[in-house]
Amino acid sequence: MKKIDVFNHVLPQRLFERIGELKDIGKRVREVPMLVDLDERLRVMDKFPDYFQVLCAAMPPIEALAGPAESPELARICNDGLAELCDKHPDRFPTFLASLALNNPDACVDEIHRAVNELGARGVQIFSNVGGKPLDLPEFAPIFDTMAALDLPIFLHPQRGAGFADYQTEQKSKYELWWAFGWPYETSVAMARIAFAGIFDRHPALKIITHHGGAMIPFFEGRIGPGLDQLGARTSGFDKASLTIKRRPFDYFKMFYADTAVFGSRAATECALEFFGADKMVFASDAPFDPEKGPMYIRETIRVIESLDIPEAERAKIFHGNGEKLLKLSEDKAHRPQRRELVGVENRLA
């Protein structure tokens, strides 16, 4: 069965040449060659028949690399590099997710238009916070508005570092708990803030794909259901009447999509599938950040999905059908999208 991996990571050579001297970037590339080495990436992909990758940039976020005056240029360099990989290998990389300089929201809208209409991007990657700012601030609204108008997906990736301490009395997080537990929390809170901000009320057809199986949300179904139905009961000074959302909080969490990048955990995959349903699950591996530096998360994620006791039609939706639909790829094969396909939409936005 065809498999389209919609959330894996690469560091385009052009971007690496600009930022490779920064702290930890060079070290990371040396330890995970598949990030930059295209030949190594293709060798890993060859291990898996009928396997394709939708490319997106690896951490750190563009906005963490430069100030708002310089970051848009880095976003352009990154997206040009991603498009170049797709153009050179359309049989491997059907499209890519554009990177944005989120510390310059005005430039983000221009870059979305350029990446989609000129380069062939079919989605964007954003992060759970922007230098500590939440995504529900008005300054980020144009990004959601633009993606809703284009009817293309937003891919939500967590962002938190060791500087976010585990306890208020400490200066840094220990034992990489900022990653193991902090990242799922980051994604979950970002989802909640998007929900309570009424973004889905304004754009009910907006597609947001959450990394790592929807993070904490599926497991905490009870807390976001009857728990949040009692919103305000635990906090003095909060007026529930101040909420402007039109639905029960729980209903908004069901409007998100989730990927299968849970590092080969069958239990987590089943939990996410039970919550979001087969129509809102997409195949993703999070390659190449596994102990084998590339193949392990792909192999184990495929193994888990193939082992699920679900109809073959649902398995096909997860492996490729949902991704093809969300990214507006061909119904019959993975291919490089024709840039002219969205020109009409782009012109209406001009």
Side-chain angles (χ1 to χ4, degrees), residues 1-10 41 45 48-57 79 82-83 85-98 112 115-117 119-125 147-157 203 205-214 255-262 269 272-273 276-287 297-298 301-302 304-306 308 310-346:
M1 186 179 291
K2 179 170 58 178
K3 302 165 188 69
I4 301 180
D5 187 342
V6 302
F7 221 151
N8 60 91
H9 302 288
V10 66
R41 180 171 291 267
M45 293 178 68
F48 308 100
D50 297 317
Y51 172 75
F52 308 88
Q53 289 187 341
V54 173
L55 299 176
C56 75
N79 293 330
L82 292 169
L85 289 170
C86 293
D87 286 338
K88 287 183 176 179
H89 299 276
D91 57 330
R92 301 298 191 105
F93 311 126
T95 189
F96 70 97
L97 309 179
I112 290 170
V116 169
N117 203 44
L119 303 182
R122 287 297 177 265
V124 300
Q125 177 179 222
M147 296 308 294
L150 289 170
D151 191 29
L152 288 175
I154 295 171
F155 287 71
L156 179 62
H157 194 291
H203 303 298
L206 181 65
K207 283 84 173 177
I208 302 178
I209 293 89
T210 56
H211 211 8
H212 309 130
M255 297 175 76
F256 289 92
Y257 290 72
D259 71 18
T260 62
V262 291
T269 304
L273 180 60
F276 292 103
D279 288 335
K280 290 200 169 184
M281 290 284 291
V282 290
F283 171 57
S285 69
D286 213 7
Y297 286 165
I298 301 171
T301 304
I302 291 173
V304 167
I305 297 172
E306 289 181 339
L308 295 175
I310 58 176
E312 286 303 298
E314 292 188 359
R315 204 180 326 275
K317 287 182 179 180
I318 295 170
F319 268 138
H320 66 90
N322 292 337
E324 288 170 332
K325 183 177 180 180
L326 288 165
L327 298 166
K328 302 186 185 300
L329 301 179
S330 169
E331 295 277 331
D332 56 351
K333 64 178 180 178
H335 76 299
R336 182 81 171 111
Q338 295 298 310
R339 296 173 186 174
R340 63 179 180 271
E341 289 176 1
L342 290 185
V343 168
V345 175
E346 195 73 15

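A quick note: this is a predicted structure, and the numbers were derived from the prediction, not measured.
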Which residues share a ring pair (Phe, Tyr, Trp, His ring centres under 6.0 Å) with [X], sequence neighbours left out:
{"X": "Tyr297", "answer": "Phe263"}
{"X": "His9", "answer": "Phe7, His157, His211, Phe289"}
{"X": "Phe283", "answer": "Phe319"}

Val304 side chain reached by Thr260 side chain, heavy atoms, under 4.5 Å |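 Thr260 does not reach Val304 side chain to side chain.
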Give the C-alpha distance, both sets of side-chain angles, the deciding distance and a yes or no for side-chain contact (heavy atoms from CB on, under 4.5 Å) between Leu152 and Val124.
-> CA-CA 8 Å; Leu152 288 175; Val124 300; over 6 Å; no
Short question: side chain of [X], backbone of [Y] - any donor-acceptor pair under 3.5 Å?
{"X": "Asn8", "Y": "Val54", "result": "yes"}
{"X": "Thr95", "Y": "Leu327", "result": "no"}
{"X": "Asp259", "Y": "Gly213", "result": "yes"}
{"X": "Arg122", "Y": "Lys328", "result": "no"}
{"X": "Asn322", "Y": "Ala278", "result": "yes"}
{"X": "Gln125", "Y": "Ala57", "result": "yes"}

Could you pull out the closest heavy-atom pair between [X] and [Y], with the gap in Å?
{"X": "Cys86", "Y": "Leu55", "result": "SG-CD1, 4.4 Å"}
{"X": "Leu97", "Y": "Leu82", "result": "O-CD1, 3.6 Å"}
{"X": "Leu85", "Y": "Phe93", "result": "O-CD1, 3.6 Å"}
{"X": "Pro94", "Y": "Gln53", "result": "CD-O, 3.3 Å"}
{"X": "Val282", "Y": "Gly323", "result": "CG1-N, 4.1 Å"}

[atom1]/[X] to [atom2]/[Y] distance, rounded to the nearest 0.5 angstrom?
{"X": "Leu326", "Y": "Ile208", "atom1": "CG", "atom2": "CD1", "answer": "12.0 Å"}
{"X": "Thr210", "Y": "Lys280", "atom1": "OG1", "atom2": "NZ", "answer": "10.5 Å"}
{"X": "Phe96", "Y": "Asp87", "atom1": "CZ", "atom2": "CG", "answer": "8.5 Å"}
{"X": "Phe256", "Y": "Leu206", "atom1": "CZ", "atom2": "CG", "answer": "8.5 Å"}
{"X": "Phe52", "Y": "His89", "atom1": "CZ", "atom2": "NE2", "answer": "14.0 Å"}
{"X": "Lys207", "Y": "Ile209", "atom1": "NZ", "atom2": "CD1", "answer": "9.5 Å"}

Criterion side-chain contact (heavy atoms from CB on, under 4.5 Å) on Met147 and His203, from CA distance to verdict | CA-CA 10 Å; Met147 296 308 294; His203 303 298; over 6 Å; no
Decide salt bridge (Lys or Arg N to Asp or Glu O under 4.0 Å) for Lys317 and Asp279; before the verdict, give the C-alpha distance in whole Å, the side-chain angles of both, and the deciding distance to 0.1 Å.
-> CA-CA 7 Å; Lys317 287 182 179 180; Asp279 288 335; 2.6 Å; yes
Basic-acidic side-chain contact under 4.0 Å: Arg315, Glu312 | yes
Have Asp5 and Ser285 got a donor and an acceptor in their side chains that come within less than 3.5 Å?
->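 Yes - a donor-acceptor pair under 3.5 Å links their side chains.
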Stepwise, does the side-chain contact (heavy atoms from CB on, under 4.5 Å) test hold for Met1 with Ile302?
-> CA-CA 10 Å; Met1 186 179 291; Ile302 291 173; over 6 Å; no
Side chain to side chain donor-acceptor pair (under 3.5 Å) between Asp286 and His212: does it pass, once the steps are laid out?
-> CA-CA 8 Å; Asp286 213 7; His212 309 130; 3.1 Å; yes
